[in-house]
Amino acid sequence: MLTPGQAHVLVPNTALMNLPASVTLSDFELAAVKKDVVVYVPRLPEYSGKDHLASITFSVQGMPGPYLKQLAKDRVTMNGADDDVFSHFGWKTTKFQFDWPGLSFPPNGKPLTRRDFAIDIAIRVTRYITDIRRGKHPTPREVRDEMSRKWDIRKVDVSSLRLISVNYYKKVWIPVLALDAVAYDNGGNGVPISFPDTE
């Protein structure tokens with residue numbers, strides 16, 4: 001499991017990319033280090049860890065974590081965008097719940113494709129954060145501790161927020177979100193960088 005609150009490098013899935021013969025994975029690893037270092041947003045303990053029942057991942061041209069703003073405006077083509085990701089469960093509806101350090105949000109319910117689900121999550125999350133910053137919503141119940149202070153939703157750069165995946169826990173999908181490390185570190189949080197295992 002990737003530790004929330006620490007920087008991690010997103011590495012592209014080369015099987016989902018159309019790579020020219022002259023390009024090597026090391027070129028992409030270098031690009032990932034320069035461009036795609038993220039910090040995973042912490043989630044509640046009951047929505048963290050490996051005990052989730054299912055997971056749906058999101059990527060564009062093999063790179064995990066499309067930006068929420070691009071998804072919300074339908075400006076990217078995701079890998080497997082038209083996959084019916086819920087039919088094998090036999091569900092007519094499903095719900096996701098937005099989990100942010102110190103905040104609590106109600107779930108919603110809809111039947112969707114991977115693309116539709118990602119767009120719905122992106123629209124709801126970006127709209128909610130933007131509305132809070134504009135004073136249109138009162139900030140939900142906040143738990144003021146060191147973690148929630150570092151992740152104050154009113155200070156989040158929405159354009160740097162990414163949707164990595166959604167994990168299914170106890171009848172609800174929880175989005176796994178990440179923030180570009182540069183945006184997170186601009187808050188003075190001193191982000192240590194972790195590199196994925198290459199073995």
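Note that the coordinates shown come from a computational prediction; the quantities given were computed from them, not determined experimentally.
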Connected via hydrophobic side-chain network under 4.5 Å: [X] and [Y]:
{"X": "Ile123", "Y": "Val85", "value": "no"}
{"X": "Val60", "Y": "Leu163", "value": "yes"}
{"X": "Ile119", "Y": "Leu68", "value": "no"}

With heavy-atom distances below 4.5 Å as the criterion, would you say the side chains of [X] and [Y] are in contact?
{"X": "Tyr168", "Y": "His52", "result": "no"}
{"X": "Leu71", "Y": "Phe58", "result": "no"}
{"X": "Leu179", "Y": "Val38", "result": "no"}
{"X": "Val37", "Y": "Asp180", "result": "no"}

Closest non-hydrogen atom pair, Ala178 against Ile164: CB-CG1, 3.9 Å
Least distance between heavy atoms, Val166 atom then Pro175 atom: CG1-CA, 3.6 Å
salt_bridge(Asp82, Arg115) N-O dist < 4.0 Å: no
Salt bridge Asp131-Arg127, side-chain N to carboxylate O under 4.0 Å: no
For [X] and [Y], indicate whether the former's side chain and the latter's backbone hold a donor-acceptor pair under 3.5 Å.
{"X": "Arg114", "Y": "Gly80", "value": "yes"}
{"X": "Arg75", "Y": "Gln70", "value": "no"}
{"X": "Asp157", "Y": "Ser159", "value": "yes"}

Test side chain to side chain contact (heavy atoms under 4.5 Å, CB included) applied to Tyr40 and Val176, step by step: CA-CA 7 Å; Tyr40 280 74; Val176 177; 3.6 Å; yes
Audit row: Ile121, Trp173, side chain to side chain contact (heavy atoms under 4.5 Å, CB included) steps and yes/no: CA-CA 10 Å; Ile121 291 168; Trp173 290 94; over 6 Å; no
Side-chain donor-acceptor pair present, Asn79, Ser59, cut-off under 3.5 Å: yes
Partner set under side chain to side chain donor-acceptor pair (under 3.5 Å) for Ser55, not counting sequence neighbours: Asn167
Residues which pass side chain to side chain contact (heavy atoms under 4.5 Å, CB included) with Ile174, listed by chain and number, not counting sequence neighbours: Arg43, Tyr47, Gln97, Asp99, Tyr169, Val172
Nearest-0.5 Å distance that lies between atom CG in Leu161 and atom CG in Leu177: 5.0 Å
